[in-house]
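For reference, the structure is listed below as C-alpha cells.
Just so we're on the same page: letters track the sequence lines, and every chain starts at 1.
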Amino acid sequence: MLEKEYYPQQIEKKWFDIWEETKPYKVDENSDKPKYFALSMFPYPSGKLHMGHVRNYTITDVIARFKTAQGFSVLHPMGWDSFGLPAENAAIQKGANPKTWTLENIDYMTKQLKMLGLSVDWDREVTTCLPDYYKWTQWLFLQLYKKGLAYKKNAPVNWCEKCATVLANEQVIDGKCWRCDSEVTKKNLSQWFFKITQYSEQLLADLDKLTGWGDNVKTMQENWIGKSTGAILKFKVKELEDVEIPVYTTRADTVYGVTYLVVAPEYKDIEKLTTPENLKAVQEYRENAKKMSEIERLSTDRVKTGVPLGTHIINPFTGRVCPIWVADYALVDYGTGAVMAVPYHDERDFAFAKKYNLPMIQVITGEDFKEGECYIEKGTLINSKQFDGIDAVSARDKITEFAKQEGFGEFKTQYRLRDWLISRQRYWGAPIPIVYCEKCGEVAVSEESLPVLLPEDVDFSVKGKSPIETSATFKETTCPKCGGRATRDTDTMDTFVCSSWYYLRYADAKNADKCFDRDLVNKWLPVDQYVGGIEHAILHLLYSRFFTKALRDCNLLDFDEPFANLLTQGMVLKDGSKMSKSKGNTVDPDEIYANYGADTARLFILSDSPPARDFDWTDAGVEGCYKFISRVYRLYSKFQEKIKLDYDFDIKNLSKKDDDFVREVHIAIKKITKDIENEFQFNTVISSYRELTNSIYEYIKAESEINYDVLSFGLLTLLKLISPVCVFMSEEIYSSLGATKSIHQEPWCQFDENLAKTSAITLIVQVNGKLRDKLEVPQGLDNSELEKLALAAPKAKEFIGDKQVVKVIVVPNKLVNIVVK
RNA sequence: GCCGAUGUGGCGAAAUUGGUAGACGCAUCAGACUCAAAAUCUGACGUGGCUCACCCCACGUGCCGGUUCGAGUCCGGCCAUCGGCACCA
C-alpha cells in the first residue's frame with residue numbers, strides 16, 4: 001500500500017537495500033540484444049560527492065535506463081581514478097596512509113553513488129590504485145615501450161616546485177600548474193615520454209569521424225595539435241664552412257625580404273655560431289632567458305630583446321649576407337628553433353627590427369600597403385627576381401619548389417603538439433616498470449613479474465625527493481636480462497595514463513590473466529555515449545584517443561576511436577558562480593538526500609537547463625521539484641485501488657473527453673522519446689512530465705466521468721516515462737500496484753502516430769503575415785477548404801476591408817496567410 | 001590576433017528547424033480552504049496604449065540592414081559575454 005503522502009527517505013532506503021541484495025543492473029554477457037555502452041568520466045575519490053558528480057552521473061544513468069527500456073543490453077559501469085597527488089598531500093599533511101585514505105574515500109563515495117540510485121553494474125568496478133589494475137597499466141606501458149612509443153630523453157621540461165614534480169604540456173595552464181596554480185619553470189631532466197606526436201596527423205584527421213562530438217571540443221583539440229604547412233629553408237653560415245641553419249617558415253613567399261635570422265636562446269649550436277667578441281654577451285643573454293618563468297617568457301606584450309652572435313648567414317635566393325641574432329621570441333621546441341626574419345611582413349620581426357635598427361626590404365605589395373608600416377595582408381611579389389608579379393599565396397609553393405630543386409629547401413608540415421611527458425617524481429602512482437642495470441643499461445621489467453608493487457616502507461616527510469626513494473626495499477633489484485645488480489626507476493606514471501584506458505577494462509574488469517579479452521573489448525567498445533566535463537577536452541580525451549590508436553597498432557584492438565558520442569555537461573553553479581568550498585556556496589548531496597530524497601535531486605538537476613549548458617542550483621528550484629514529485633505520488637496514492645495493470649479499452653468507442661486524453665498521452669510519449677533521442681534534452685522532457693501530470697489532474701476533475709481503463713493507461717504511461725529519472729518513487733509505486741516485474745525492466749512506451757495528434761487543429765489566420773484570427777477546424781481539410789474558412793473569418797474580413805486580396809498562402813493543418821494590397 | 005559557443009520576460013528556459021514568440025517552471029501578486037499558519041487548489045503575470053466591460057491595437061527575440069506572403073530561425077555587416085589557442089615564424 002502506498003502512503004497518503006510522499007516520504008522519500010523510507011522509499012529510497014527500502015529500494016537501496018533491495019537493489020544491493022538483488023543486483024538488478026548486472027550485465028548479462030549472454031544477451032543477444034544489441035549492445036550500448038553508457039559511460040561517465042570516472043571520479044577522483046576526493047572524499048565526498050559534489051553536485052557536478054550528481055549532474056554527470058544522473059545524465060548517464062537516465063541514458064542507460066532509457067536505452068535498457070528500448071531493448072539494448074546496456075553496460076553502465078563505474079570506477080575510481082584513484083592515483084594522484086591529493087592522497088599524497090593528505091599523507092604529508094595529516095600523516096594519513098595514501099592507500100587507506102583513498103580506499104576510505106571510495107567506500108564513502110560508493111555509498112553516496114548508490115544512494116543516488118545509479119543503475120551501475122558494481123561487479124565491474126575498477127580502481128586504478130589497486131595492483132590488479134595498475135599491473136595492467138604497467139603492462140600497457142611495456143607494450144608501448146616495445147613499439148618504441150615510450151622512451152626516455154633528457155629535455156627541458158615543465159617543473160612545478162610546489163608539487164615537486166614535472167608536468168605534461170597539457171597540464172600547464174597559462175604558465176601555471178593545473179593542480180596548485182603555482183608558476184611553472186623549465187628544468188633539464190631525463191624523463192619518460194609517450195610518442196603522441198607520431199599520431200598528430202591521425203588525431204587531427206580522425207576528428208572528422210567524430211560526428212557525435214561537439215565542435216567546441218573538436219576545435220580545441222585541433223588548436224592543440226596545431227597543424228601548419230610550410231617549408232624548411234637552409235641558410236649557409238658565412239663564417240663557418242659546411243654549417244647550415246635550417247629554418248621553418250609558413251611564408252616562403254617572403255624569403256627575398258629576409259634581413260636577419262634569429263635563433264632561440266636554447267639553440268644547441270649557439271656557442272659555435274658565436275664569435276669570441278660576442279660570446280660573453282650571448283652567454284649572459286642565455287642565462288637571463290633561463291631564469292625567466294614561463295609566464296614572463298611567453299607574454300606577447302613584452303618588449304622583444306636579443307643580441308647579435310657576430311656571425312652571418314647567406315640568403316641562397318639573393319646572396320645577401322644577414323646577421324644572426326639570439327632572441328627569446330624564437331622558441332627552441334617549435335620548428336627548427338631558428339627563424340628567418342622578414343621585418344616588412346611579420347609583426348614580430350618588424351618590432352624587433354625597429355628596436356635594433358635592422359634593415360627592411362619590402363617584397364609584397366597590395367591595396368592597403370602603407371610605406372613604413374608592417375604589411376601582412378595579401379598581395380603580389382616585388383623585389384623577388386623571377387617571382388615578381390606572382391600572387392603571394394601561390395608563390396609559397398613555387399618558391400619552396402625552387403628551393404627544393406636547388407637543394408636548399410623542402411616542404412614541411414609542422415605540429416604544435418609535443419610528446420606526452422608521463423613520468424612523475426611522486427609516490428602515489430603506478431611505478432614505471434623499468435630497471436637500470438650496470439651492464440645492460442635500461443631494461444624493461446619482465447611481463448611475468450608484474451606488477452611492480454608500490455613500496456609501503458616510505459617516509460612522506462622528506463623534502464626534495466620522491467617518497468618512493470626513501471624505501472629500503474624498492475630500489476635494489478636484479479636485472480631481468482643478466483641477473484646482475486640493478487636499480488628500479490623510482491618515478492611513477494602520470495595519473496592520466498591510468499585514465500587513458502580504464503574504459504577498456506570495464507569490458508572485462510575482473511580478468512586476472514589478461515589486460516582484457518580482445519573479443520569482449522571489441523564487442524562493447526567504442527563507448528556509445530560518453531558524458532563528462534569540458535575540462536578534459538584536451539587532456540583526458542586526447543590522451544585516450546592516442547592510447548586507442550596506439551593499442552590498435554599494438555594489435556590489441558580493432559577500432560581506433562574510443563568514444564563515438566560525447567556529451568560535455570555544463571557546470572553546476574550556485575548564485576551565478578561555480579560552486580566551490582572557498583566561496584562557501586556548495587550544496588552537499590547528503591543533505592539533499594536527507595531533506596528531499598535522491599529522486600528530487602535527480603529531477604531537479606535535469607530540469608532547468610539543457611545538459612550542455614551551465615546549471616544554476618537554487619533552493620527554490622529543489623523545493624519546486626519536491627512538490628512536483630509529491631503531486632505525482634498523490635495521484636497514485638489516491639487511485640491505487642482503481643488502477644488496472646491490465647487495462648483495456650477500444651479507442652473507437654471512447655467519449656470525446658477520453659479520446660482527447662488518450663491523444664494527450666500519446667503526444668507526451670512521442671515528445672519525450674524524441675527529446676531524449678535528440679541530444680538528451682532532459683529539461684523539455686521534464687516539462688512534458690509536468691504537462692502530462694496536469695492533463696491527468698484535469699481528466700480526474702469530474703470523478704463521475706472517469707473511465708478507469710483510460711486513466712490507468714495514462715497513469716501507467718506517466719509512471720514508465722518518469723521512471724528513468726525518479727527511479728525509487730516509480731519502483732515503489734509500481735510494486736505497490738501489484739506488479740511482479742520491476743518498472744525498470746519494462747519496455748519503453750510506444751506511441752501511435754495517428755493518435756499522437758489532436759482531433760482538431762487551431763488554424764492560424766494571418767493578413768499580411770500578422771496574426772488576425774484563430775479558428776478551430778478538423779484535422780486534414782484540404783487547402784481550398786482552409787482558404788475558404790480563413791477568408792470567411794470575421795476578424796480577417798475586418799482587416800481585409802475593401803483592399804484587394806493578392807495572394808493566399810496555405811500551410812496545411814496550420815496556417816493561412818492572406819496577402820492584401 | 002585566430003578559432004568555437006552564446007545572446008529571447010524579473011529569473012531558468014521553450015519554439016515541430018521559415019509559419020500563433022515566451023510552452024513548462026521559479027519568483028511575485030490576488031483569491032479559495034483554515035481561528036491562524038503550512039500544505040493544497042484557482043486565477044493574473046513581455047512592454048506600452050485604450051474606462052482595460054480581460055475585447056482590441058501597436059511594439060517586442062543583442063544592434064543595423066537584406067531576402068520572404070511570413071524571420072527568434074536564412075543572408076550581409078556590427079556589438080557584447082563566455083571558453084580554447086597564441087612571440088608556433
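Here the separation of C26(B) from G9(B), taken at their C1' atoms, is 13 Å to the nearest Å. Here, C74(B) and U67(B) have their C1' atoms 8 Å apart, quoted to the whole Å. To the nearest whole angstrom, the two P atoms, one in A44(B) and one in G22(B), are 14 Å apart. The same atom, P, is picked in G43(B) and in G25(B); the two are 12 Å apart, to the nearest Å.
A13(B) atom P lies 11 Å from atom CZ of Phe604(A), rounded to whole Å. Computed from coordinates, the Ile686(A) CD1 to A13(B) C1' distance equals 13 Å when rounded to whole Å. Separating the CZ atom of Phe799(A) from the P atom of A58(B) is a distance of 6 Å, rounded to the nearest angstrom. Phe350(A) places its CZ atom 17 Å from the C1' atom of A89(B), with the value rounded to the nearest Å. For Leu331(A) and A89(B), the CG to P distance is 10 Å, given to the nearest whole Å. Remark: P of A39(B) and CD of Glu3(A) are 21 Å apart, rounded to the nearest angstrom. As a whole-Å value, the separation of Tyr626(A) OH from C26(B) P is 16 Å. Taking atom CG on Leu606(A) and atom C1' on G25(B), their separation rounds to 15 Å, with Å as the unit.
Among the atoms of the strands shown, none is found under 4.0 Å from any heavy atom of Ala341(A). Residue-level contact check: Arg418(A) touches the bases, meaning some heavy atom is under 4.0 Å from a base atom. Contacts of Lys770(A) with the nucleic acid, taken as non-hydrogen atoms under 4.0 Å apart, involve only primed sugar atoms and P, OP1 or OP2. If you check every strand for non-hydrogen atoms under 4.0 Å, Lys670(A) touches nothing. Residue contacts shown for Lys671(A) are absent, as no nucleic acid heavy atom lies under 4.0 Å away. Backbone-only engagement by Gln681(A) is indicated by non-hydrogen atom pairs under 4.0 Å involving sugar-phosphate atoms exclusively.
Proximity note for Tyr329(A) (side chain, C-beta onward) versus A89(B), G4(B), C87(B): the nearest is C87(B). Considering only side-chain atoms of Asp608(A), the nucleotide from C3(B), A58(B), G12(B) that sits closest is G12(B). Of the listed nucleotides (U40(B), U16(B), C87(B)), U40(B) has the atom at the smallest distance from the side chain of Arg634(A). Across A23(B), A89(B), A39(B), the shortest atom-to-atom separation from the side chain of Lys627(A) is found for A39(B). The side chain of Ser687(A) approaches A23(B) more closely than any other nucleotide in the set C85(B), A89(B), A23(B). Among A23(B), C69(B), A86(B), the nucleotide with an atom closest to any side-chain atom of Val819(A) is C69(B). Nearest to the side-chain atoms of Asn694(A) among the listed nucleotides G25(B), A58(B), A5(B) stands G25(B). For Asn683(A), counting side-chain heavy atoms from C-beta on, the closest listed nucleotide (C41(B), A14(B), C85(B)) is A14(B). Set against G12(B), C85(B), A13(B), the side chain of Pro610(A) has A13(B) as its closest nucleotide.
Using a 4.5 Å heavy-atom threshold, the side chains of Val342(A) and Arg251(A) count as separate.
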For Watson-Crick and G-U wobble pairs within 3.5 Å on both distances, what is RNA chain B written in dot-bracket notation, | included for inter-strand pairing?
(((((((..(((......[....))).(((((.......))))).((((......))))..(((((..]....))))))))))))....
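Residue Val184(A) forms a side-chain contact (heavy atoms from CB on, under 4.5 Å) with just one option from Val157(A), Leu167(A), Ile173(A), and that option is Leu167(A). Evaluated for a side-chain contact (heavy atoms from CB on, under 4.5 Å) with Val217(A), the options Ile538(A), Leu542(A), Leu210(A), Ile534(A) yield exactly one hit, Ile534(A).
Geometrically, Arg416(A) does not engage Tyr334(A) in a cation-pi contact defined by less than 6.0 Å to the ring centre and at most 45° from the axis. Judged by the 6.0 Å distance and 45° axis criteria, Arg631(A) is positioned over the aromatic ring of Tyr697(A).
Not a single donor-acceptor contact under 3.5 angstrom links the side-chain atoms of Ser609(A) to the base of A13(B). Contact of Lys807(A) with C69(B) (side chain to base): no donor-acceptor pair of N or O atoms is detected under 3.5 Å.
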Check nucleotides 19-22 of chain B against the protein and report each pair of N or O atoms closer than 3.5 Å, with its distance, or say if there are none.
residue: G19(B); atom: N2; partner: Gln766(A); partner atom: OE1; Å: 3.2
residue: G19(B); atom: N2; partner: Asn817(A); partner atom: ND2; Å: 3.4
residue: U20(B); atom: O2; partner: Lys774(A); partner atom: NZ; Å: 2.9

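OP1 or OP2 of C2(B) has not a single side-chain nitrogen or oxygen of Arg416(A) nearer than 4.0 Å.
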